[in-house]
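Ligands are counted one by one from 1 in listed order, and the atoms in each one are counted from 1 as well. Every heavy atom of this structure was used, including side-chain atoms; hydrogens, water molecules and symmetry mates were not.
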Amino acid sequence: MSAKIQQHAWRARHPIKIVNFCFLVVFLCSTLLTWREIVVLQNGWTASQKNRIQSVAAALDRHLQYSVDKLQFYRAAMQHALSSPISTNRTDAALAQFDQQRQSGAWQIRLDTQRGLPVNGVSDDRVRQNPLLARDEQRLENELIAALEFGAILQLADPQQDRQRRTFYTSRAGFYLSSTPHAASDDIATRYHRLVTRPYFHSHTQRNNPDRGVRWTHAREANRQEDQVVTASLPLDYQNQWYGVLAMDFSLGTMNDFLNQAMFRRENGEILLLDNQFQVIASSAEPVPAGSVFSDSERERLTREMAEHNEGGALIDTRYISWAKLNFFDGVLIRVYSLKQSLSGEFGSILLVLGLLWALFSLMLLGSWYVIRRMVRNMFAMQETLQWRAWYDAQTHLFNRGTFLERARQIARRCQQQQMPLCVIQLDLDHFKRINDTWGHQTGDKALSHAASILRQSLRGDDIAGRVGGEEFCIVLPGTLLPEAAAIAERIRVRLNSKEILVRQNTTIRISASFGVSCAVQEGDYDFEHLQSIADRRLYEAKQAGRNRVSSSDG
Ligand SMILES: Nc1nc2c(ncn2[C@@H]2O[C@H](COP(=O)(O)OP(=O)(O)OP(=O)(O)O)[C@@H](O)[C@H]2O)c(=O)[nH]1
């Protein structure tokens with residue numbers, strides 16, 4: 001009996017598991033889908049980051065290339081002037097002027113006050129003090145004339161358009177020429193000293209620049225504001241001799257402006273120009289961050305990544321760094337995007353909407369899962385109740401007549417097949433009508449429930465009992481012989497009769513029943529209906545004999 005109920009309960013639980021499984025699958029699919037969307041979105045975002053930095057790098061490269069081209073043009077002009085020096089009254093006058101002044105601490109000569117820029121120089125002594133400098137008399141005059149000629153060209157340059165702050169030539173022979181001329185009274189010696197001690201100048205020794213190409217330098221430690229520049233420089237060589245350096249200074253302000261203009265309006269993040277030591281040279285942000293914006297470990301990681309790719313991106317802690325190396329600058333352009341910035345931008349808004357949609361969908365899914373689960377559970381509880389009602393008698397909780405007869409027949413068949421004894425006990429409560437009439441139907445019902453509970457307690461594992469009439473019950477006892485069955489019936493009779501039922505306050509009654517017992521072995525027949533009719537006949541005999549007794553034989 002309990003096995004059946006358990007099996008039924010499992011059937012009831014099984015659909016709940018299916019419901020749980022289905023909802024779990026839907027939840028996982030929606031989560032997976034949202035996650036995929038975020039990944040696609042993120043890929044799109046990182047691609048756009050890389051594209052942005054590449055386009056800025058390309059623009060900066062174009063700009064730098066223009067400056068490099070100009071420097072090369074100036075070098076070609078100087079080399080041409082060195083190869084075929086001109087000699088005019090004015091050049092002769094300028095050289096004579098130089099000869100007069102060369103021993104003085106500082107001097108300035110020019111071809112013409114209207115045309116050409118002045119050449120500024122220091123004394124022979126000063127030149128001798130610096131091992132990088134040399135005033136070779138063989139080359140000196142030609143170089144001075146070439147420099148004066150170059151001054152005429154340089155005067156025509158438009159520094160506004162070129163973005164360079166100034167273009168200049170620093171000679172190893174103790175003089176210089178600049179696109180931003182100054183008066184002769186200014187401190188020429190100090191200026192020249194600064195020019196030849198800056199990193200750009202050193203970078204063009206034979207050892208530092210064996211391929212004699214362009215060098216980009218940044219005077220990071222420069223104390224003076226005007227020395228905070230990025231310098232593009234090119235050595236001037238002629239007939240295997242290093243004459244000096246042609247250079248262009250770009251103020252950091254100009255570089256900052258360039259990067260700032262490269263940013264779209266309302267665009268988050270910042271673009272930084274870093275040197276090869278990862279030190280910030282220029283930035284689109286105000287104020288420009290000083291020094292390095294990366295820790296040592298971050299720098300190491302970026303160096304590793306940049307060694308493999310010229311452009312790319314990497315998520316470093318909470319910052320996304322996209323980079324593009326520059327073709328004409330020994331450094332890298334990077335775009336820094338913090339997590340906060342990315343979340344406050346378009347990407348963050350879409351991400352937020354996606355997250356909210358996922359949360360909303362998950363909540364709705366959870367709600368519908370709860371409702372459907374309850375519905376399924378209720379449905380199965382109802383089905384279980386209906387099933388129970390179809391099998392059992394609601395009042396006594398014993399099998400109802402139909403179920404009992406079906407089960408009893410099955411047991412009888414099984415006993416016959418297995419050659420097992422089988423007994424049937426038929427019992428009927430005595431004078432039940434009187435109980436109803438005297439104490440009312442409720443008391444009658446109570447008496448029925450009481451009798452049924454005693455029956456249930458008296459049964460063994462394989463025995464079954466059912467209510468087969470109003471106050472009539474039947475018990476089937478497989479594997480039981482007649483004397484044993486009669487003893488069981490007697491035990492039930494005694495129990496029934498010995499217990500008092502409370503019908504009113506201070507009033508109890510006792511009930512009794514009459515029993516008829518039949519046995520398949522005695523009758524030589526396993527037909528249940530036949531055995532029941534014999535037990536019924538004996539029950540009638542017990543009633544006739546005075547009730548409250550067991551009859552297990554005829555007559
Ligand atoms: N309270 C109650 N009474 C029932 C129920 N089913 C049948 N009865 C009553 O049981 C009584 C049976 O009466 P009888 O068949 O005359 O038998 P009896 O009064 O027990 O007399 P004997 O069987 O001869 O001892 C009837 O009055 C039925 O109405 C029930 O479910 N509840």
Side-chain angles (χ1 to χ4, degrees), residues 1 385-408 423-459 463-477 485-519 528-555:
M1 186 164 73
T385 311
L386 289 174
Q387 189 81 59
W388 189 88
R389 285 200 182 144
W391 286 350
Y392 295 94
D393 173 57
Q395 194 171 19
T396 59
H397 291 200
L398 294 176
F399 279 134
N400 61 27
R401 184 181 169 79
T403 313
F404 176 75
L405 288 177
E406 195 186 313
R407 300 281 161 96
C423 284
V424 175
I425 302 173
Q426 188 80 8
L427 68 121
D428 186 282
L429 300 186
D430 296 333
H431 298 305
F432 194 67
K433 186 173 182 318
R434 206 187 293 164
I435 296 172
N436 271 337
D437 293 348
T438 313
W439 305 106
H441 262 73
Q442 273 190 344
T443 307
D445 290 348
K446 208 172 175 181
L448 281 170
S449 304
H450 170 71
S453 89
I454 287 177
L455 286 188
R456 271 199 305 276
Q457 287 163 20
S458 310
L459 297 181
D463 304 341
I464 61 163
R467 187 184 181 193
V468 292
E471 83 293 18
E472 244 182 282
F473 300 93
C474 187
I475 303 170
V476 173
L477 306 164
I488 292 170
E490 180 59 21
R491 201 163 56 233
I492 295 171
R493 186 194 68 75
V494 171
R495 273 193 196 170
L496 258 180
N497 197 230
S498 60
K499 293 249 169 105
E500 300 207 345
I501 303 169
L502 186 69
V503 291
R504 249 177 236 159
Q505 211 176 1
N506 304 324
T507 311
T508 56
I509 58 163
R510 280 171 197 261
I511 57 167
S512 68
S514 301
F515 296 74
V517 186
S518 64
C519 187
F528 173 72
E529 269 81 4
H530 182 60
L531 290 171
Q532 194 188 25
S533 71
I534 294 169
D536 207 30
R537 195 174 66 223
R538 289 175 181 167
L539 162 64
Y540 180 71
E541 284 166 9
K543 290 262 183 192
Q544 292 300 310
R547 295 186 173 80
N548 193 18
R549 67 195 61 221
V550 176
S551 169
S552 54
S553 60
D554 294 328

Output the set of protein residues with a heavy-atom contact under 4.0 Å to ligand 1, ordered first by chain identifier and then by residue number. Gln395, Asp428, Leu429, Asp430, His431, Phe432, Lys433, Asn436, His441, Gly444, Asp445, Leu448, Arg467, Gly470, Glu471, Lys543, Arg547
More than 12 heavy atoms from other groups under 6.0 Å of CZ on Arg389: no
For the residue pair His397 and Trp388, categorise the inter-ring angle as parallel (less than 30°), tilted (30 to 60°) or perpendicular (more than 60°). perpendicular
Examine the side chains of Arg467 and Gln395 and answer whether a donor and an acceptor come within less than 3.5 Å of each other. yes
Given Asp393 and Arg401, is the salt bridge (charged side-chain N to carboxylate O under 4.0 Å, His left out) satisfied, shown in steps? CA-CA 8 Å; Asp393 173 57; Arg401 184 181 169 79; over 6 Å; no
Check the surroundings of atom CD in Gln544: do more than 12 heavy atoms from other residues, nucleotides or ligands lie under 6.0 Å from it? yes
Can a salt bridge be assigned to the pair Glu541 and Arg538 using a cut-off of 4.0 Å between side-chain N and carboxylate O? no
